[in-house]
Amino acid sequence: MQRYNPKEIEPKWQKIWEDQGLYHASEDPDKPKKYVLEYFPYPSGAAMHVGHVRNYTIGDAVSRYYRMQGFNVLHPMGWDSFGLPAENYAIKTGVSPRKAIDDNTSHFKQQLMQMGFGYDWSREIDSSKPEYYRWTQEFFLLLHKRGLAYQQESLQWWCPVDKTVLANEQVENGKCWRCGNDVEKKSLKQWFFKITDYADRLLQDLDELDWSESIKSMQRNWIGRSEGMRFKAPVKDTELEIETFSAHFEAFTADTFVVIAPDHPMLSVLVKGLPEEQEVLDFSAEMVKKRDTQGYADEEHVEGIFTGRYIIDPVGNGDLPIWVASYALSHYGTGIVKCSAHDERDFRFAKKYGITLKPVLFPEDPEKAKKVKNLEICFTDMKKGILTSPLEFDGKKAGENRQQIIEYLEGKGLATKTVSYKIRDWLISRQRYWGAPIPIIHCPKDGAVAVPSDQLPVKLPEIESYEPSGDGRSPLARVPEFVNTTCPTCGGPAERETDTMDGFACSSWYFLRFADPHNDKAAFSADKAKFWLPVDDYIGGAEHAVMHLLYARFWTKVMYDAELIKFNEPFTTLRNQGMILAPDGQKMSKSKGNTIEPGGLIDQGYGADAIRLMELFIGPWDQAANWSVEGLGGTYRFLNRIWTLIHEDMSIDSPTILAQDAEVLPIQKTLNKTIKKVTNDLENLSFNTAIAAMMECVNELYKAKEQVKFDQAAPIWRQAGEQLLQLLAPFAPHIAEELWSQLGHTQSIHVSQWPKWDEKYLVEDTITIAVQVNGKVRAELRLSPDVTDKDAIAAAKADPKIQEYIAGKDLKKSIYIKGRLVSLVV
RNA sequence: GCCGCGAUGGCGGAAUUGGUAGACGCGCGGGACUCAAAAUCCCGUAGGGGCAACUCUGUGAGAGUUCGAUUCUCUCUCGCGGCACCA
């Protein structure tokens, strides 16, 4: 007998599928479409490990299932290939990023192919090719034209190792997200995208999306919308006016001082001419430096200095001193806050510097209230706290009167309702070589001028040295042929922008390019985009929760506003697969030396199919799991059992007519039960239980093999084998295809029609009903499924075991739950 | 601190969403085949008690709702992920 040998059959079918173009998608209007997408990977030099593979396995299983269900499936793959690693590698080795990326790409592609993933490779894209980034530049121009791209000189996070600026979200705990080194602040003129203009829509539209709660919550958190009141106040003895923002304004009459951020642009104006001017500015600069380098991690350590100025409080709390405080943030709200005894930080700050506090909000508990009054404790509960001031709200719960307080303040013209956000504009300038050049020309006469669309792409020149200049300009600044050009407006001499775009710009629209990857007239045709998009199933890791997923949503909305597309969210459903950890429960990493690569497992003989099954069988796909080599042995054994079952027992030349015979009924039941279970589980993405159901089916067929007279059962036997293979096909495509062809099929199993179950095989003549007495199961009955309530209860009461428990007692209650149990209460 | 998710045998996990807890797999124990091993196949496997039929306990902890709770409500403990001086 021929043994199951994945090493032989897997490469064979991979080649046949690719040669036949099995996964080529085309715009067929007769079939409903499904667009299944996994985030396009960065082709790094490191090998793919079993953790990465899970992501692609999910997408592949889903897309194969959809195809067999009759959908027109688009399942593409490409390369997110701009970015720092290739450039840093070039600096180290002298190998050009282009070459490094090309080498890595072919290696990565080969790894994907040996797993048998069904991608439409005719749609392969590469974000660092001019054919692609030409359109990334086009979208820059679109944002620029719509007033959403602007340049600004400002203090920016600067990574001294990567020698480039970073967006907010790319700074993690004061460290660079890429290299992990401490970041600094540097003043530079940079390009931004105005994502803040879309903050409200990005927030609101989240509600409609079929995304995991945790990702939605991360985005909400990141956008950080809070409603509050904005107070305007004149600065005493000056012509100046300041504005403060407060989301917890209910106890506004308690305000006794004001704090301003040490890096607030207004600070220098505020203290101008005062005797303490220099002292305040020096101290503030010191605080900013301290905060940026080491931070005020310890909450006890707040610092500050009195500015020498006061505001005249608009709500009548008198003259309030203005302090510079280390905890005030210049970029949140207005950067200036009115402070009171009802905020932990304000309270601590005031105590430290001996500033007056005046509580007006108290807890119900009189003991506690006394402590609040004596300033022993800080009370901040704006929901449950009771106000004593102003008079109109005396004795009322702050939480229940928030709206009334807003109306009160607005009615008296004391403050205006405002919304504040945490999200800041997206910084896209990179002082690096390996990115899409920003298509702008700086003209001494006309300023920053957009490169006309017909002059795109602004091509990345080939250079010799990739070393950043260190002065804050990209290596492109050293290429005169690139820099020197003429102004598109006046024709005079001008210079090109030397910054390149953040890699997240490329990934903010790549899902659209897959719809029309070879179009050289436009980024995509409206028709093709309309046909394929939005993405139906987007599958990826949670690491993209705020950056990529927020930026892509932003660009989509901009394109929608520009009427380039008809949808306004790019990803209808988002699935975040759980991480695969090393067997010891740690994250897999090269440095820890605990990575497990599918290539190695394939070489050992397990085969891609067993690995794919294990990726999904190991647990719910969205939960983390530890990789288990023993477990892989289990899925491999399962495939062997299927091989034996079909190869040995079924590949006989038997008629495919369905036998109706009492002997084959158990097989019919097993089969139809499994089809139903696997189909429903796939709809719910319960891959692990779908695989368990197939294992169960195989076990039952093994038993049936012993019991049933083989000859008589042959036709149903064959049908069982074929349908089982079809169920297996999305998970283990190679073995399913091989056995399918051995059974005599000439067309691929992957374009065969998904089997349907027949309910008639699933109805039972008798069912098992549990009988509970006082909530405990005491007996089991075999009854007809359509037994009436009355009969079921009567049968239960008549059961001798039940009699033992209920004899001579009052029956208080009797319940029959159809098909499940009888519950008796005595 | 805030937000989100979770806790079930020796292990990964299942349970039709309120209805017989532990499917399926791993591991372990026993058996068959074999001169032997591997591979394969079959049986057993939550814990305690009993020769047994059987019986008691059991889904992180405690309360509650219910005829009935792994599932719903509240309080707490622990773990994972995210954000964090956000006024």
Side-chain angles (χ1 to χ4, degrees), chain A residues 3 169 172-173 212-222 224-226 228 244-249 259 261 291 295-299 301-302 325-329 331-340 342-346 348-349 380 420-422 542-543 545-546 576 578-579 613-614 617-620 622-635 637-638 640-641 644 677 680 686 688-699 702-703 706 768-780 801 812-826:
Chain A
R3 289 189 52 211
E169 42 276 59
E172 296 165 351
N173 298 322
S212 76
E213 238 356 89
S214 73
I215 301 284
K216 284 199 205 179
S217 132
M218 276 188 231
Q219 292 216 346
R220 286 194 190 104
N221 215 311
W222 194 260
R225 182 181 199 274
S226 59
T244 71
F245 173 79
S246 174
H248 305 299
F249 50 82
V259 297
R291 187 164 73 185
Y296 289 83
D298 186 353
E299 289 193 359
H301 293 97
V302 284
S326 60
Y327 64 86
L329 302 170
H331 56 257
Y332 187 76
T334 63
I336 310 176
V337 200
K338 290 214 298 165
C339 304
S340 74
H342 301 298
D343 178 278
E344 293 275 0
R345 290 154 311 166
D346 297 347
R348 216 178 298 126
F349 189 80
T380 61
S420 192
Y421 300 91
K422 278 190 226 175
E543 70 271 19
V546 280
N576 301 108
M579 217 184 324
L613 275 177
M614 191 54 200
F617 184 62
I618 198 164
D622 55 351
Q623 271 173 44
N626 298 2
W627 185 257
S628 154
V629 181
E630 294 83 4
L632 179 61
T635 55
R637 240 188 313 278
F638 165 62
N640 258 304
R641 276 165 74 79
T644 307
K677 173 76 176 153
N680 289 340
S686 300
N688 55 333
T689 51
I691 294 166
M694 288 187 277
M695 289 174 167
E696 217 169 329
C697 179
V698 168
N699 292 345
Y702 262 74
K703 279 184 197 137
E706 301 298 313
T768 309
I769 303 288
V771 184
Q772 290 185 346
V773 179
N774 289 343
K776 293 205 170 178
V777 178
R778 297 298 182 188
E780 281 178 3
K801 271 192 210 147
K812 295 200 189 87
K813 211 172 196 176
S814 51
I815 302 158
Y816 173 62
I817 304 294
K818 192 166 165 36
R820 300 256 168 234
L821 55 68
V822 173
S823 183
L824 304 174
V825 187
V826 289

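Naming: A, B, ... by sequence-line order, numbering from 1 per chain. It should be emphasised that the depicted structure is a prediction, and the values quoted were computed from it without experimental measurement.
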- Which part of the nucleic acid, if any, lies within contact of Asn688(A), taking any heavy atom under 4.0 Å across all strands shown: a base, the sugar-phosphate backbone alone, or nothing? sugar-phosphate

- Of Phe245(A) and Met218(A), the one whose closest nucleotide on RNA chain B sits nearer the 5' end is Met218(A)

- Query: Across the strands shown, which category fits Arg225(A) at heavy-atom distances under 4.0 angstrom: base, sugar-phosphate, nothing?
  - Reply: nothing

- Nearest non-hydrogen partners of Val337(A) and Phe245(A), listed with the distance: CG1-O, 4.0 Å

- Message: Distance check, rounded to the nearest 0.5 Å: Tyr327(A) atom OH versus Glu344(A) atom CD?
- Response: 11.5 Å

- Message: Between U40(B) and G49(B), how far apart are the two P atoms, rounded to whole Å?
- Response: 35 Å

- Checking side chain to side chain contact (heavy atoms under 4.5 Å, CB included) for the pair Lys338(A)/Phe249(A): CA distance, chi angles, key distance, verdict? CA-CA 9 Å; Lys338(A) 290 214 298 165; Phe249(A) 50 82; over 6 Å; no

- Note on the structure: The reported gap from CG in Leu824(A) to OH in Tyr816(A) (rounded to nearest 0.5 angstrom) is 13.0 Å

- Among the candidates C54(B), G12(B), G27(B), find the nucleotide nearest to the side-chain atoms of Ile618(A). G12(B)

- Message: What is the separation between atom CD on Glu344(A) and atom C1' on G1(B), rounded to the nearest whole Å?
- Response: 10 Å

- Closest nucleotide among A14(B), C24(B), C56(B) to the Pro620(A) side chain: A14(B)

- Got a minute to check which stems RNA chain B is part of, using Watson-Crick or G-U wobble pairs under 3.5 Å, three or more consecutive? B:1-7 with B:77-83, B:10-12 with B:24-26, B:27-32 with B:40-45, B:46-49 with B:54-57, B:60-64 with B:72-76

Contacts table for residues 772-780 of chain A: side-chain donor-acceptor under 3.5 angstrom, sequence neighbours left out:
| residue | atom | partner | partner atom | Å |
| --- | --- | --- | --- | --- |
| Asn774(A) | OD1 | Val826(A) | N | 3.0 |
| Arg778(A) | NH1 | Tyr805(A) | OH | 3.3 |

- Message: Using side chain to side chain contact (heavy atoms under 4.5 Å, CB included), reason through Thr380(A) and His248(A) one step at a time and then give a plain yes or no.
- Response: CA-CA 9 Å; Thr380(A) 61; His248(A) 305 299; over 6 Å; no

- Identify whether any heavy atom of Ala328(A) sits under 4.0 Å from a base atom; if not, whether one sits that close to sugar-phosphate; answer base, sugar-phosphate or nothing. base

- Thr689(A) or Ala692(A): which one's nearest nucleotide on RNA chain B is closer to the 5' end? Thr689(A)

Which pairs, protein N/O on one side and nucleotides 19-22 of chain B N/O on the other, fall under 3.5 Å?
| residue | atom | partner | partner atom | Å |
| --- | --- | --- | --- | --- |
| G19(B) | N2 | Gln772(A) | OE1 | 3.1 |
| U20(B) | O2 | Glu780(A) | OE2 | 2.8 |
| U20(B) | N3 | Glu780(A) | OE2 | 3.1 |

- Worked verdict on Arg641(A) versus Asn699(A) for side chain to side chain donor-acceptor pair (under 3.5 Å): CA-CA 9 Å; Arg641(A) 276 165 74 79; Asn699(A) 292 345; 2.9 Å; yes

- Message: Run the side chain to side chain contact (heavy atoms under 4.5 Å, CB included) test on Leu613(A) and Ile691(A) for me, step by step, so that the C-alpha distance in whole Å, both residues' side-chain angles and the decisive distance to 0.1 Å come before the verdict.
- Response: CA-CA 8 Å; Leu613(A) 275 177; Ile691(A) 294 166; 3.6 Å; yes

- Task: Identify which nucleotide among A23(B), C86(B), G27(B) has an atom closest to any side-chain atom of Glu630(A), counting heavy atoms from C-beta outward.
- Result: G27(B)

- Task: Using a heavy-atom cut-off of under 4.0 Å over every strand shown, decide if Lys776(A) touches base, sugar-phosphate, or nothing.
- Result: sugar-phosphate

- Looking only at A87(B), C83(B), G25(B), the nucleotide nearest the Trp222(A) side chain is C83(B)

- Query: Touch check for Gly224(A), heavy atoms < 4.0 angstrom, all strands: base, sugar-phosphate only, or nothing?
  - Reply: nothing

- Taking syn as within 90° of 0 and anti otherwise, name the glycosidic form of U66(B). anti

- Tell me: CG of Asn640(A) to C1' of U40(B), nearest whole Å? 9 Å

- Taking C54(B), C85(B), C3(B) as options, the one with an atom nearest any side-chain atom of Lys801(A) is C54(B)

- Query: If you check every side-chain atom of Lys813(A), which of A87(B), C5(B), C67(B) has the closest atom?
  - Reply: C67(B)

- Query: So do the side chains of Asn576(A) and Asp622(A) get within less than 4.5 Å of each other, counting heavy atoms only?
  - Reply: no

- Task: Give one of base, sugar-phosphate or nothing for Arg220(A), where a contact means two heavy atoms less than 4.0 Å apart.
- Result: nothing

- Task: Identify whether any heavy atom of Asn680(A) sits under 4.0 Å from a base atom; if not, whether one sits that close to sugar-phosphate; answer base, sugar-phosphate or nothing.
- Result: nothing

- Task: Check every strand shown and say whether Ala625(A) touches a base, only sugar-phosphate, or nothing at a heavy-atom separation below 4.0 Å.
- Result: nothing

- Item | Phosphate-side-chain proximity, Arg637(A) and A39(B), N/O vs OP1/OP2 below 4.0 Å | no

- Just label G10(B) as syn or anti from its O4'-C1'-N9-C4 or O4'-C1'-N1-C2 angle, using within 90° of 0 for syn. anti

